[in-house]
There are 2 protein chains.
Amino acid sequence: MDRKTATIQDVARVAGVSTATVSRTLSKPSVVAPATRESVLRAVADTGYRINTLAANLRRQRTGSVIALVPNLANPFFSQIFAGMSAVLTEAGLGLLVADTQTGTDPDDRLGYHLTSGNADGLILFDGTLSRDSLNVPGRPPVLLVSEWMEDDLPSITVDNRHGAALAVNHLAGAGHRAIGFLSGPPANVLTTERLAGYHAALSALGLIAHPDWILEGDFTMDSGAAAARRWMALPDRPTALFCASDEMAVGFMGAVHRAGLSVPGDISIVGFDNIEVAQHLTPGLTTIRQPRTIIGTRSAELLLDMIAAGSLSGPSEVIEVELITRASVAPPPTPG
Amino acid sequence: MDRKTATIQDVARVAGVSTATVSRTLSKPSVVAPATRESVLRAVADTGYRINTLAANLRRQRTGSVIALVPNLANPFFSQIFAGMSAVLTEAGLGLLVADTQTGTDPDDRLGYHLTSGNADGLILFDGTLSRDSLNVPGRPPVLLVSEWMEDDLPSITVDNRHGAALAVNHLAGAGHRAIGFLSGPPANVLTTERLAGYHAALSALGLIAHPDWILEGDFTMDSGAAAARRWMALPDRPTALFCASDEMAVGFMGAVHRAGLSVPGDISIVGFDNIEVAQHLTPGLTTIRQPRTIIGTRSAELLLDMIAAGSLSGPSEVIEVELITRASVAPPPTPG
DNA sequence: AACTGCCAAGTAATCGATTACATGGGCCTG
DNA sequence: CAGGCCCATGTAATCGATTACTTGGCAGTT
C-alpha cells in the first residue's frame, strides 16, 4: 500500500525514541538498553523498515560494493571466480559489481573511470594488459591484481605458473617424449611469459631442447587452438607432445587434430592448463594443470576486504599452488616407422 | 596529494558560480549560458572533480544499479548474457550487480532480500525455481524474468523452447531416426517441461511414438549427461537418437558413450541445446539449437531499462527465436544386423 | 546533602549532490 | 518610459542515514 518505504524517522516515531537510538540499535545494539532495543526492534518490524544503504554509505563515505574488472565478461573462466568472490563479499555486506574493459573505448580509460568514479570501495583487476600507470590516480581505492600479473609490489593473487608448466613438461617427458612443444597465449601476456619460462626451465633441467618451431602462438581461445593445430600438422618435424597454455586452446587443438584424421594421444600427447569443466568429458580426457578457481575468488575477496578494512592501498600478495590432473590425453610417443 | 576528491562546492568556488549551476552544467548543459558552461567545465577539469554518484542517487531516489540474480554464478551459461547486459546497462549509466540464490540460506529469502534492500533500480531474475509469491512485496522495483519462466503476465524474456525442440526432433527424424529419446533437465524446471512438450508435439506430428524408457532425466550438467549415458547403454531397447535439453549434458553423454567404446553418431545421433562454445570443437561437432545469449542479455537490459524509465512494474514480454546448427553428431541410424 | 561519574538517549551537523522556487537584469512592446 | 516576460543564476530545502557532542538522571561516595 505505502508507496514509500519507511525511513528511520518513522521507526523513531513509532518506537518513541530518536533516530540516533534507532541507528545505534541497528549498528551497535550493545550500547542501548535492552528495553529500548526491544521496542525499537518491534517498531522496525511493524513499519517494515529497511535501512537505506545509499544514505548510510554516503554518510559513511563508502559505497558498499567492490568492482571486478575483467577483460571480457563473456569468458566463462571468470564465472567460477566470481562465485567465490561473491560468497565472501556478500558475507561482509558488500555487493559485487562486474564490468569489463572491452565495452566502450580504451581499456585503460575504463580502469581509470572505475578508479575515480568512487563507485567502489575496492577493485579486483583481472586484466594484465592494462598499463600499470593507470593505477597512479590520487585517492583511488585499494586494488588487488589477480591472475595476470607478476613482478611488482602491488598486492596480487597469482598461481604458480612456472611450477604448473614444469609439472606439465615433466609429465610429458615422463611418458617418454623428447620433442615437446608449447602452445602459448599472446606474447605480451604475463601468463604466456611465465608458462613459457617454466616450460624452458623444465626442458633444460631435463636436458631436452626446445626447437623454436615447436613454440606455437595462440590467444587462449578454442579457435586459436584449432588454428595452431593446422600449423602443427604442416610442420616438417612435428613435436610428439604439446603443452597448451590454456585448456580452451587444447580443446580447439584436439578438435582440429581429430578432424584431420589424426589421434590424440596416438599422434600427439597434450597437456592443458586450467582444468575447465569440460576437460574430463572430452575424448580423450584432457590431462591438465588445475587452477583452483573458487579459492582464487575467495582469497581475492578476503585480501581485498583486509585492505579495505585497513584503509590501505598495500597488502600481502599470495601465490596459489596448482596441481597436475592426469587423464588420457598423454601416452608414450608413437614409435617411429 | 589531496586525500579527498573535489566536491561540487569546490568546483562552484573555483568557477565562481553556485553549486546549482555546476549541477545544471553537468546534467542539462543546454540551460546554462555558454560562457558560464565553459568556465564551469574548466573548473571541473582543474579540480579533477568527479560526481559523487552516491549523493546524486540518494537525492534522485535511485540506486544506479541493476541486480542480476542467477541460481549459480559459477555457471558459465550466464557469463555471456552478463556481457550483453553489461554493455547496455553501462551505456545507460547503470552498474550490474551480480548475486546468486545459492549462497547463504533459502533462495526465496535471497530474492526477498534483494527486492526489499533497495539496492537496485531493477532486478533481472534467472532462477525459475523461485516462488512467484516472493515477488509480492510492496514497493519493490521492476523485475524482469529471464529464460526459466513461462505462462504468466509478468514481463519476461524467453526463447522459443518448443520450437527449438521441434527443430531438433525433426532434424533427427529427417536423418531417418524413428526411436528418438529425450534427455531432460530437472522435472520441475520450466525449460524441461517446455522442451519436453515440444519433443512430444514434434514426435506426434511425425507419427512417431515416444517410448517412456527413452526419456532420461538429468539436471543440465555434464556429469548428469554422463550418468544418463550409462543408463542409456543399459537399456534393452536403445533409441538411436537423443535430443538433449542442454549442450552440457550432451557433452557428458558423448564422453561417456565414447569411453564405453561406442560411437557418436555411429551408435547414437545427438542434438543438444544452447550452442555453447565448445560444441563446434568436439569430436564429432555437436549439432545443436542455438540460443543467442548476447541478444538475450541486451534485450533483457533494454526491457528492464524501459520499465525503470516508465516507473512501471509491468512491461512487454518477448520470445527470442532459436536456430538449428548442423554439425556432425547426427547421422542415419545404424542399420540393424 | 553535595559531588562525581557513568550510562542511555537526544540534538543537530554532516555526507554531496539535485532541484523547486526566488531573484534580478535585459529586452520588447505599447 | 512603464510594464511584462523570459532567461540565467542563486538560495536553500531535501534525500536518509550516522555520529560527535550534549544532556539528564541515577547511583555511589564522603
If the condition is salt bridge (Lys or Arg N to Asp or Glu O under 4.0 Å), which residues does [X] pass it with, not counting sequence neighbours?
X	result
Asp10(B)	Arg13(B)
Glu91(A)	none
Arg24(A)	none

At a cut-off of 3.5 Å, list every protein nitrogen or oxygen paired with a nitrogen or oxygen from nucleotides 18-22 of chain C, distance to 0.1 Å.
from    : atom 1 : to       : atom 2 : distance (Å)
dT18(C) : OP2    : Ser23(B) : OG     : 2.5
dT18(C) : O2     : Arg59(B) : NH1    : 2.1

Sugar-phosphate only, base, or nothing, as touched by Arg62(B) at under 4.0 Å among non-hydrogen atoms: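 Arg62(B): no heavy atom of the nucleic acid under 4.0 Å.
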Sugar-phosphate only, base, or nothing, as touched by Arg37(A) at under 4.0 Å among non-hydrogen atoms: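 No contact.
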Roughly how many Å is it from [atom1] in [X] to [atom2] in [N], rounded to a whole number?
X	N	atom1	atom2	value
Leu58(A)	dT19(D)	CG	P	12 Å
Asn52(B)	dG16(C)	CG	P	7 Å
Arg50(B)	dA17(C)	CZ	C1'	15 Å
Gln9(B)	dA12(D)	CD	P	13 Å

N/O-N/O pairs, protein side and nucleotides 23-28 of chain C side, under 3.5 Å:
none

Which residues share a side-chain hydrogen bond (donor to acceptor under 3.5 Å, both in side chains) with Asn52(B), sequence neighbours left out: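 Counting only residues at least two positions away or on another chain, Asn52(B) forms no side-chain hydrogen bond (donor to acceptor under 3.5 Å, both in side chains).
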Comparing Ala35(B) and Leu54(A) on DNA chain D - which has the more 5′ nearest nucleotide: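 Its nucleotide being nearer the 5' end, the pick is Ala35(B).
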Set of side chain to side chain contact (heavy atoms under 4.5 Å, CB included) partners for Arg50(A), sequence neighbours left out: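 For Arg50(A) the side chain to side chain contact (heavy atoms under 4.5 Å, CB included) partners, ignoring immediate neighbours, are Tyr113(B), Thr116(B).
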Partners meeting side chain to side chain contact (heavy atoms under 4.5 Å, CB included) with Ser27(B) (sequence neighbours left out):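 Testing Ser27(B) for side chain to side chain contact (heavy atoms under 4.5 Å, CB included), a comparison that skips the adjacent residues, returns Ser23(B), Arg60(B).
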Using a 3.5 Å cut-off and no angle test, enumerate the donor-acceptor pairs between side-chain atoms of residues 79-86 of chain A and protein atoms at least two apart in sequence or in another chain.
from     : atom 1 : to       : atom 2 : distance (Å)
Ser79(A) : OG     : Pro76(A) : O      : 2.7
Ser79(A) : OG     : Ala74(B) : O      : 3.4

Validation row: Asp133(B), Leu135(B) side chains within 4.5 angstrom (heavy atoms):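 No; the side chains remain at least 4.5 Å from each other.
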Heavy-atom closest pair, residues Leu94(A) and Val66(A):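 Between these two residues, the closest heavy atoms are CD1-CG2, 4.0 Å.
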Inter-axis angle, terminal five-pair segments of the helix from dA1(C)-dT30(D) to dG30(C)-dC1(D) [nearest 10°]: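 The angle, to the nearest 10 degrees, is 50°.
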Please tabulate, for side-chain N and O atoms in residues 303-320 of chain B, each donor-acceptor pair with protein atoms closer than 3.5 Å (sequence neighbours left out).
from      : atom 1 : to        : atom 2 : distance (Å)
Ser312(B) : OG     : Ser314(B) : N      : 2.9
Ser312(B) : OG     : Ser314(B) : O      : 2.8
Ser312(B) : OG     : Ser314(B) : OG     : 3.3
Ser317(B) : OG     : Leu154(B) : O      : 3.3
Ser317(B) : OG     : Ser156(B) : N      : 3.0
Ser317(B) : OG     : Ser156(B) : OG     : 3.4
Glu318(B) : OE1    : Arg299(B) : NE     : 2.9
Glu318(B) : OE2    : Arg299(B) : NE     : 3.4
Glu318(B) : OE2    : Arg299(B) : NH2    : 2.5

Qualifying ring pair (Phe, Tyr, Trp, His ring centres under 6.0 Å) pairs with a residue from residues 114-133 of chain B, counting only residues at least two apart or across chains: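 For residues 114-133 of chain B, and leaving out neighbouring residues, the ring pair (Phe, Tyr, Trp, His ring centres under 6.0 Å) pairs sorted by first residue read Phe78(B)-Phe126(B).
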